[in-house]
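Everything on this sheet refers to the single structure shown next.
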Amino acid sequence: MSDSRIERCLDLCAGAHKQSGDDLSRSLIELQNELRSLSNDNTRTNESEAMPADCNIDDWIHEPVITMDLAGYLTGWSRGAQILFGYTPAEALGQHILFLYADEPSTHNGEIFELFLNHGNPLMEVRRRKKSGEIFRANLSLKHILDDNKEPVGMEAILSRVADRLSREEKHRLHARIIEDSDEGILIIDSDERIVSVNSAFSRITGYSSAEAIGETPDLLRSGVHSADFRARVRGAMHGAGAWHGEIIGRRKNGELFPQSVSIGVVRDHAGVVTHAFSIFSDITVLRTAEERMQKIVNYDSLTGLPNRTLFHQLVEQALISARRNNDHGALLVIDLNRFTSVNDSLGHEVGDELLRQVGQRFRGVLRDEDILARISGDEFVVALVSIQKREHSGLVAEKLLASLATPFVIESHALHIEACIGIAVYPEDGLNTAALLRFADIAMKRVQVNFEAGYLFYCPEMNIRAKEQWQLEGELRQALTGHDLLLHYQPKVSLRSGRIVGAEALIRWNHPERGLILPGKFVPLAEETGLILELGNWVLEEACRQIKSWLESGLEAIPIAVNLSARQFDNQLPGYLQALIERHGVPCELLKLEITESLLFRGPEIVIPIMNDLAAYGFTLALDDFGTGYSSLAYLKKFPITTLKIDRAFVVGVPEDENDCAIAQAIVTMGKQLRQEIVAEGVETLAQMAFLRDLGCDQLQGYLFSPPVTAEEFELMLREGRRLPLD
């Protein structure tokens, strides 16, 4: 075939590609005749590619050309379209164009491109589906088929398949590069379980080079910590039992164990036989370390390293399940350290924290390995004895715990003595779950605390009844603090020289809406125990100052009113609080007298003396109440800025008949006079008691001989009337 005739055919093809209608038909007929002429000259060497005389030109041209009417139904299907899609003309013609779409079209968005030429781009990239189901990308060129009047009567679509972006060789090179550069370790084994390939991450994670690993089995990384059953499941996955993903403990070349997240899969040949298996793994040491750290934060006390309340509940519940199954006995011990707050206040939190750490270590040292020790609040520890023969054994453990505190704790050159109160609840007698046992042990512990002594006590049901009453009373007391059920009564103090009223002690009362008037002995200890004493004490101070101010404004004689302070109120903030209080109410500080008890001195003179000195510097006067019943350290008494000693009623009730009471009363009065302190006798009820105390040199008395505590109105009336105590 001559070059000129070939060029003639190419020109005809190019011209036909740009024509339509009658012009296209004429060009195609001319091209068909030219090709037949070439065929008759026998210039083609491949007979299979010769074009039969009765073959349509579109069947010979391999370019996929599709024609359709304006509704989208196929009217033409070229040989190229048949080769591209796999449908014969008989299968395709008459179908709607949508049957070739790979994706569900949306006519609202103009995505049926062949029907919306006027609204879209005549050249676009689309996704289509073959008869086999294969989806491919193609470039689509659209144009209208026009009639003689230049009106559109159909559409012609010419498609050209977009080749894969990567060749097979390029894909192989890319995949190999991805595997090699992956941060995850990859090893590949053959059917004999021999390593045939590893990547660089494998060497980085395990320490084995490619040369050291290839030819070995995966046992190279075996840690020996997994069970035979676990290893069997992993090997099964490597032999095609199914993909497997999980965590494995591996061993590095240096012998170090490390956790790894592993995925295992296999490669099969055309017959479905497993030829290779691969393992993709990552070192999750950092992740597990972070998780362990988080678990420690969530479940352990950061100060002592002991389990916290959350973990303690979990461990005890598990132990109780075992105890039920084995019919075992168990016990919970709640331990509260005595006077720990004073250590924090006087020596600082660093010393207090170290004390708690050392206490935890001592407790752990006297317990069995299976016993559970936890710190569940500031200075409160709890012990679970998961298996004991009888309840008395828990008492023996309590004694060991208390004995472990006997040796002083030496911290920053301080020798600290600490004691504890322990409450014990026994399983199953006292409770069947952790919450109940903790609650009952706590009730028993608080019963020990009431006596301000170290020791331990077993829970009994009567305690629970009392505790429930206390809980109810506590709730009602909280309501009373926000309402108007609390009031102050005033008990006069009378001079033993003139018989006149020279002061009074403010005493709180609770006018309960249902129970009537409740005396402080019923609810003040409860307030001390629950911490409500701070709110209660502040209320008393506020109310006393308000009343003093009211009396002053009414022209009543100014006399000092004494207010009792709780040991919990006696802190470094007290002087500043009281100074602000009297300034706010406009009350002279000498009219507010502060009474403290000897129990407060248990906190240590080095703590309370600076606070007392600050109070004295502000102008407040201090009285030591119930003298003789508590600390009674004469060595420290001279250092306290105390202006008044009050003889406790326990030493007044027996005079003048009881020689011992008389001797004690005389000693207190004599000492007070030597220290230039005012002496007040409490609980004076008889004339004989009054006469004896006056003769000793006592300055004032307070008691039913003159008056019980009365309301503010009654006390004001006494003052206005000038009521006196007859001294003769």
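Values in this document were obtained by computation on a predicted structure and should not be read as measured data.
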| remark: The side chain to side chain donor-acceptor pair (under 3.5 Å) partners of D147 (sequence neighbours excluded) come to none

| field | Over all atoms of both residues, closest heavy-atom pair of F281 and L187 | value | CE2-CD2, 4.4 Å

| remark: To the nearest 0.5 Å, atom CG of L257 lies from atom CZ of R252 at 9.5 Å

| query | Within the distance-only criterion (no hydrogens, no angle test), does the side chain of S78 pair as donor or acceptor with the backbone N or O of E63 below 3.5 angstrom? | reply | yes

| task | Could you tell me which residues satisfy ring pair (Phe, Tyr, Trp, His ring centres under 6.0 Å) with F99, sequence neighbours excluded, listed by chain and number? | result | Y87

| remark: Output for pair (F258 CZ, R251 CZ), nearest 0.5 Å, gives 10.5 Å

| said: If I compare all heavy atoms of R129 with all of A102, which pair ends up nearest, and what's the gap? | reply: NH2-O, 2.9 Å

| request: Say whether, by atom type as modelled, one donor and one acceptor occur between the side chain of D269 and the main chain of A271 under 3.5 angstrom. | output: yes

| message | Are E317 and N433 packed together at the side-chain level, in the sense that at least one heavy-atom pair is separated by less than 4.5 angstrom? | response | yes

| field | Minimum side-chain heavy-atom gap V198-Y208 below 4.5 Å | value | no

| Is the side chain of R231 donor-acceptor paired with the backbone N or O of H226 at a distance under 3.5 Å, no angle test? | yes

| Side chain proximity check, I189 to T217, heavy atoms < 4.5 angstrom | no

| Between F202 and I188, is any pair of side-chain heavy atoms under 4.5 Å apart? | no

| Any donor and acceptor pair, going by atom type alone, linking the side chain of H96 with main-chain N or O of L98 inside 3.5 Å? | yes

| Main-chain N/O of V262 paired to H245 side chain as donor or acceptor, under 3.5 Å | yes

| said: Under the ring pair (Phe, Tyr, Trp, His ring centres under 6.0 Å) definition, can you give me all pairs with a residue in residues 283-329, not counting sequence neighbours? | reply: none

| field | Shortest non-hydrogen separation from G94 to Y73 and the atoms involved | value | O-CD2, 3.4 Å

| field | Modelled atom types, side-chain donor and acceptor of Q314 and Q318, under 3.5 Å | value | no

| said: Using side-chain heavy atoms (C-beta onward) and a distance below 4.5 Å, is I66 in contact with F85? | reply: yes

| task | List the atom of V386, the atom of A319, and the distance in Å for their closest heavy-atom pair. | result | CG1-CB, 3.6 Å

| message | For R235, I'd like to know if atom CZ has over 12 heavy atoms of other residues, nucleotides or ligands within 6.0 Å. | response | no

| field | Value rounded to 0.5 Å, distance of CD1 in I158 from CG in N139 | value | 12.0 Å

| message | Just to verify, what does D181 make a side chain to side chain donor-acceptor pair (under 3.5 Å) with, not counting sequence neighbours? | response | R177

| task | May I ask you to say whether R233 pairs ionically with D229, meaning some side-chain N is under 4.0 Å from a carboxylate O? | result | yes

| Counting only N and O atoms by type, is there a donor-acceptor contact under 3.5 Å from the side chain of S182 to the main-chain atoms of I178? | no

| message | If we ignore hydrogens and angles and just use 3.5 Å, is the side chain of R268 paired with the main-chain N or O of G240 as donor and acceptor? | response | yes

| field | Minimum heavy-atom distance N299-L311, with the two atoms named | value | O-CB, 3.3 Å

| message | F363 vs V383, test: side-chain contact (heavy atoms from CB on, under 4.5 Å). Steps then yes/no. | response | CA-CA 9 Å; F363 284 168; V383 172; 5.8 Å; no

| query | Is NZ or CZ of R128 both nearer than 6.0 Å to the six-membered ring centre of Y101 and within 45° of the ring axis? | reply | yes

| request: Just jot down the side chain to side chain donor-acceptor pair (under 3.5 Å) partners of S261, sequence neighbours excluded, or say none. | output: none

| message | Is the shortest side-chain heavy-atom distance between H276 and S197 below 4.5 Å? | response | no

| field | Partners passing ring pair (Phe, Tyr, Trp, His ring centres under 6.0 Å) against H239 (at least two apart in sequence or in another chain) | value | none

| Is there a donor-acceptor contact under 3.5 Å from the side chain of R324 to the main chain of D328? | no

| query | Are any non-hydrogen side-chain atoms of L332 and Y427 less than 4.5 angstrom apart? | reply | no

| request: Measure the shortest side-chain to side-chain distance between P259 and T285 over non-hydrogen atoms and say whether it is less than 4.5 angstrom. | output: yes

| said: For the CD1 atom of I284 and the OG1 atom of T289, what is their distance to the nearest 0.5 Å? | reply: 10.0 Å

| field | Rounded distance [0.5 Å steps], CG in D283 versus CG in D183 | value | 11.5 Å

| field | Basic-acidic side-chain contact under 4.0 Å: E134, R161 | value | yes

| message | If I take atom CG from residue N199 and atom CD1 from residue I280, how far apart are they, to the nearest 0.5 angstrom? | response | 9.0 Å

| message | Tell me if a side-chain donor or acceptor on S200 pairs with a main-chain N or O of E180 at a distance below 3.5 Å. | response | yes

| Is a side-chain N or O of R375 found less than 3.5 angstrom from the main chain of G378, in a donor-acceptor match? | yes

| message | How close do L70 and P152 get, counting heavy atoms only, and between which atoms? | response | CD1-O, 3.4 Å

